[in-house]
Amino acid sequence: MKKRALLFLIFGLTAVSALTACGSDSAADSDGSAVLDDADDESGLASITPSDYLVENVTDYITVGNLEGLSAVQYTYEITDEMVQEAIYEELSETTIETEVDRAAAMGDVVYLDLACTIISSGESSSINTYFCLGEADYGEEFDEALVGVSATDTLTFEITFEESDLETTLIEEEWAGETIEFQAFIGSVCEVSTPDYNDAYISDYTDYSTTEEYEAALREELEAEYEEYTYSDVMEDLIVAALENCEIIELPEELYELCYDETASDYMNYLGAEELQEVFDDEEYGITEEELEEEARDMAERRLLISYICETNAVEVTQEDYVSFVTEYAELYEYDTALEFETDMIRSYLVWYLYESEACEILYDQADITIEVYEGEY
């Protein structure tokens, strides 16, 4: 089974806690996770009949128009030397070593601190325990320069006036734009950062390659593959949207809608760390209204009706072997101890639906009118 888009689809998801399959899969318990009775001996995954998750008698619920020749633009990306160097820098950053030092902070050091932040005009305050890599200008160059020279146990108070444009170039809070902020910093520690030299010796020690030339060629190929998957994923979404525009929803199956509502609600609750759904509705910054939640659930249910129709019409079959292979592969890729742990985190109903969606998208893509264009915007 082809899974070009699934990497990005799956990890757009978060674990949910109260899901049920839309069907009668006897191997899933009431929370949508697998039980261990009749488990697959090698993977630890319970037996599964993926087709049980598709909507039965789907044409009772949706009328689908012509799905051939749907139009979409697929972009190609040029992998530049700058992009390769940025990827190298990120790799080097993962091998840096921090050593606490008993001296004043300098550019390039990491400063750990408690930071109190007050908006002068309103008096609104907040506090965080955090760190700053001096020179990276997370809060701007002026902020980093204010921390140069501090030592452990120091207390420092200073003010900075931020411009509206700083929202685009720094990591400041949105409400700080155009405001003067008083910072009170309580310095915990100063750490010196050491990074290995980027050379053939580093490549030999930290990668499967022998020279920087070999490594950079492989890295370029990896970036090309990643961007190809990005653009493929974008095209798949465009084709699904176009296909839905050619559909008429007759009725949403109640069980399917309730499943989609529970999944969407649980997704938001997980993201916000909420224990009750009302907390999601009350969160003005990151939450949603009940009406918006219902709309998202309807959209997901309509999407799954289309997926069920395409898979039924084209006799798509996802077997237990396909499912176990898929879950095992991605459990290893994301360094889970077992496939069962991965399935529990991601929830089996999500995984099954996205396997079917991948197959449906392949069908739409193969019969679509795809225009290839070179992407000329910012990456």
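Count residues from 1 along the sequence.
Within the model, atoms CD1 of Ile181 and CD1 of Ile120 stand 7.5 Å from one another, a figure rounded to the nearest 0.5 Å. With rounding to the nearest 0.5 Å, the separation of CG in Asp81 from CZ in Arg220 is 5.0 Å.
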Margin query: What verdict does the side-chain hydrogen bond (donor to acceptor under 3.5 Å, both in side chains) test give for Tyr336 and Asp345, after you've listed the backbone C-alpha separation in whole Å, the side-chain angles of each residue and the deciding distance to 0.1 Å?
Written below: CA-CA 10 Å; Tyr336 277 77; Asp345 272 0; 2.8 Å; yes
Next item on the list: Apply the test side-chain hydrogen bond (donor to acceptor under 3.5 Å, both in side chains) to residues Tyr365 and Gln74: give CA-CA distance (whole Å), side-chain angles for both, the deciding distance (0.1 Å), then the verdict.
Entry: CA-CA 11 Å; Tyr365 185 86; Gln74 184 168 3; 2.6 Å; yes
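Pairs of residues two or more places apart, or lying in two chains, that qualify as side-chain hydrogen bond (donor to acceptor under 3.5 Å, both in side chains) and include a residue from residues 142-162 are Thr161-Thr180. For residues 90-127, the ring pair (Phe, Tyr, Trp, His ring centres under 6.0 Å) pairs, not counting sequence neighbours, are Tyr112-Tyr131.
When each of Glu357, Glu302, Glu312, Glu359 is paired with Ile307, the side-chain contact (heavy atoms from CB on, under 4.5 Å) condition holds for Glu357 and for no other.
Within the 4.5 Å cutoff, side-chain heavy atoms of Cys117 are placed close to those of Trp176. Ile187 is listed as a side-chain neighbour of Val111, based on a closest heavy-atom distance under 4.5 Å. Two residues are said to be in side-chain contact when any heavy atoms from C-beta on lie closer than 4.5 Å; Val316 and Ile310 fail this criterion. Tyr261 has its side chain within reach of Glu294: a pair of non-hydrogen atoms, C-beta onward, lies under 4.5 Å apart. You'll find the side chain of Val55 reaches within 4.5 Å of the side chain of Pro253, heavy atoms only. Two residues are said to be in side-chain contact when any heavy atoms from C-beta on lie closer than 4.5 Å; Leu115 and Phe183 meet this criterion.
Classified by interplanar angle (parallel below 30°, tilted 30° to 60°, perpendicular above 60°), the ring pair Tyr77/Tyr375 is tilted. Ring geometry, Tyr334 versus Tyr330: the interplanar angle falls under 30°, so the pair is classed parallel (tilted spans 30 to 60°).
The closest side-chain donor-acceptor pair between Glu343 and Tyr323 falls under 3.5 angstrom. Under the 3.5 Å distance criterion, with hydrogens and angles disregarded, no donor-acceptor pair is assigned to the side chains of Asp267 and Thr264. Between Tyr206 and Glu91, the side chains place no donor N or O within less than 3.5 Å of an acceptor N or O (distance only, hydrogens not considered). No donor-acceptor contact under 3.5 angstrom links the side chains of Tyr75 and Asp234, judged on distance only.
Across every non-hydrogen atom of Glu263 and Ser349, the tightest pair is OE2-OG, 3.4 Å. Closest approach of Leu259 to Arg304, counting heavy atoms only: CD2-NH1, 3.7 Å. Asp109 and Ala104 get closest at one heavy-atom pair: OD2-O, 4.1 Å. Scanning all heavy atoms of the two residues, the minimum distance from Met269 to Val280 falls at CG-CG2, 3.7 Å. Closest non-hydrogen pair, Thr118 versus Ser125, comes out as OG1-OG, 2.9 Å. Closest heavy-atom contact between Leu306 and Ile240: CD2-O, 4.0 Å.
Aromatic ring centres of Tyr268 and Tyr271: separated by at least 6.0 Å.
Counting non-hydrogen atoms of other residues, nucleotides and ligands closer than 6.0 Å to OH of Tyr209 gives a total of 12 or fewer.
Counting only distance, with no hydrogens or angles, the side chain of Ser358 and the backbone of Leu355 share no donor-acceptor pair below 3.5 Å.
For Phe132, the ring pair (Phe, Tyr, Trp, His ring centres under 6.0 Å) partners two or more places apart in sequence, or in a different chain, are Tyr139, Phe143.
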